[in-house]
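The structure under discussion appears below in the form of structure tokens.
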Amino acid sequence: MNYYLVAIFTFIGYILYKYYIYPLYLSPLLKIPGPPVDNFISGHLGSLLKDKQGEVFTRLAKQYGRIVRYHALLNKPYLLIFDQHLVHQILITRPYEFPKLSFNYVMIKDLIGIESISFAEGNAHKRQRKLINPSFTFANVKEMLPTLVQAGHKFKDILLKQIGNKKEERITITDLIPKITLDIIGLVGFNYEFDSITSDSELARAYHSILSKQPSPLFGALINLFPFIRKFPTSHNKKYWDSLQTINDISEKLIAEQKNATIRGKDFLSLVIKTNEKLPVDEQLSHRELISLIMTLLITGHETTSNALAWALYYLAKNPDIQKNLRKEILDEFSDHNNSPTFEAIDQLKYLDCVFKETLRISPSATAIMRYNSKDENLNGYFIPKGTPMVIPIYAIHHDPLIWGEDVESFNPSRWLNPEIKSKVTNSNYLPFGAGVRSCLGMRMAHLEFKCFLLILIRNFEFKLVEGFTFKKLTNGFCKPDPKMDLLISKVEY
Ligand code: HEM
């Protein structure tokens, strides 16, 4: 008897059973409807879900219903959860029974650190959230307004300089906006001037190098399965690790400066450190948790808001009448265009609020939320074995005509004034900031930052599409224009 042969056949049999026979012929999840598998290695990631996942998920919901099965790398079954009652259970009623699972888990872990609040579960999450939450209160966010207005005017001056005496200028807004939102999180988050908008900031360069080229879903899944791929000595990997080192070094520097500061500011980090120091040692955030918090705020605090602002400017450029209506509302409220907006005045702008909500409906910065069940579940009559990955497809839910009406693909801020639509919107079907105990901590800040910026920009500039310029709308985890977004910008003359 050749033991080697037996061992080889046993191994091949095990691999065939685990990655082919069980998921495609025996799993109880096969009772859940879904598209047929056309690639027996990459599941749907190499074909159906190669690109524009948000749009594909929308189609799958129409075709297969409120809970849909698809297969990822090596045929691993995933569930798409469109059903609002299930979304409510997962995010709001039983959040800790459905822990987080990330797209590109390895990359996100590298970017924010494994000790981040974003990865913490159960009591560990409750402890971090309780400590960090008070720094993000309404009152604290309101105090940011002067910093936001100042940054908005700085941004306005940069655009004015680029336009100069010309009638209009073609500007890549997706290069500029992330720099100013990074500067803002530096100031309000850590009382630190990155000044990436006017200087060559190594931090902005590091983020650009990591985020400008997102790995495809298949490559992302491969990295999750074989993280050592990131260690191969390629020039791309070297750039990746160097950029991460820069982000980590800057985070360490920020902590050191804050810990040694004699006077505490009102930035998020100072507030968190102040609360932390008052707690018994066993409840305090550790050094690594603080570093992870900085890395988390740096990325979540700038990338998502800059994306939302870029999409808003794009839709306003595409819909000149909507842009005109918004400008009219702003000018009616702020007839003296040098006046700084107050919080109360910004809050009065109802159409601006509709533009904010509609931008995050049609192009939500995060296109999906990922979870898995920590125990066996029976959901909608289906048996779901423990550990099944579940995707709440925010983008697809935001494009469901049953909720938003037949013009779901149009950018129509006025839908938010329609009582029929308003009555259908809930915290389980409008999810730009997630929902429940894990919802976005920076939601209030994002709200104010978006409105303050858009107000200053629309008051001073007109935005138009560049004829013939096209880009792809990526919806694989993050909603991003690919490769970039150019707009024509001209001054509004008074
Ligand atoms: C338009 C802007 C933003 C959008 C669309 C957005 C979206 C989201 C979403 C969808 C989640 C939930 C993820 C999940 O449940 O898996 C989240 C969580 C989070 N966001 Fe935001 N975000 C934005 C801005 C910000 C800002 C400005 C900050 C901080 C300054 C921030 C900090 C966080 C943090 C710390 C979490 C994790 C919360 C937890 O796990 O308890 N976000 N965000």
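Numbering of ligands and ligand atoms starts at 1, following listing order. Owing to the predicted nature of the structure, the values given are computational and were not obtained by experimental measurement.
Residue Lys386 places its NZ atom among 12 or fewer non-hydrogen atoms of other residues, nucleotides or ligands, all under 6.0 Å distant.
The closest approach between a heavy atom of Glu449 and any atom of ligand 1 is not below 4.0 Å. Within the structure, the closest approach of His125 to ligand 1 falls below 4.0 Å when heavy atoms are considered.
The aromatic ring centres of Tyr70 and Phe57 sit less than 6.0 Å apart. Ring to ring, Phe343 and Phe138 are close: their centroids are under 6.0 angstrom apart.
Closest non-hydrogen pair, Lys179 versus Ala204, comes out as CG-CB, 4.5 Å. In terms of heavy-atom proximity, Asn427 sits nearest to His88 at OD1-CD2, 4.0 Å.
Of all protein heavy atoms, the one closest to atom 40 (O) of ligand 1 is Arg438 NH2, 3.2 Å. Protein heavy atom at the shortest distance from atom 37 (C) of ligand 1 is Ser118 OG, 3.7 Å.
Classification of the Trp404-Tyr430 ring pair by plane angle, with boundaries at 30° and 60°, yields perpendicular. Ring geometry for Tyr192 against Phe194 counts as tilted: the plane angle lies between 30° and 60°, on a 0 to 90° scale. Ring geometry, Tyr314 versus Phe471: the interplanar angle exceeds 60°, so the pair is classed perpendicular (tilted spans 30 to 60°).
Heavy-atom contacts of Pro432 reach the following atoms of ligand 1: 5 (C), 7 (C), 10 (C) (cutoff under 4.0 Å). Counting the atoms of ligand 1 from 1 in the order shown, those under 4.0 Å from a heavy atom of Ile185 are 30 (C). Residue contact check: Ser439 has heavy atoms under 4.0 Å from atoms 38 (C) of ligand 1. Which parts of ligand 1 touch Arg129 is read off a 4.0 Å heavy-atom cut-off, strictly below it: atoms 38 (C), 39 (C), 41 (O). Listed by atom number, the atoms of ligand 1 under 4.0 Å from Lys100 heavy atoms are 14 (C), 16 (O), 40 (O). For ligand 1, the atoms sitting less than 4.0 Å from at least one non-hydrogen atom of Met445 are 30 (C), numbered in the order shown with element in parentheses. Ligand-side atoms of ligand 1 in range of Ile117: 40 (O), 41 (O), range being under 4.0 angstrom from any heavy atom.
Annotation: protein N, O or S atoms under 2.8 Å of atom 21 (Fe) of ligand 1 (waters excluded) comprise Cys440 SG.
Residue Ser365 has no nitrogen or oxygen atom sitting less than 3.5 Å from a nitrogen or oxygen atom of ligand 1, judged on distance alone. The distance criterion of under 3.5 Å between nitrogen or oxygen atoms is met by Arg371 with respect to ligand 1. Inclusion of Thr305 in the set of residues having an N or O under 3.5 Å from an N or O of ligand 1 is not warranted.
A salt bridge links Arg438 to Glu121: one of the charged nitrogens lies within less than 4.0 Å of a carboxylate oxygen. Ion pairing between a basic and an acidic side chain is recognised when a charged N comes within 4.0 Å of a carboxylate O; Asp195 and Lys154 show such pairing. Salt-bridge annotation for Lys350 and Glu333: absent, with no side-chain N of the basic residue lying under 4.0 Å from a carboxylate O of the acidic one.
Identified under the salt bridge (charged side-chain N to carboxylate O under 4.0 Å, His left out) test for residues 442-452, with sequence neighbours left out: Asp353-Lys451.
Taking CG of Leu309 as the reference point, atom CG of Leu176 lies at 12.0 Å (rounded to 0.5 Å).
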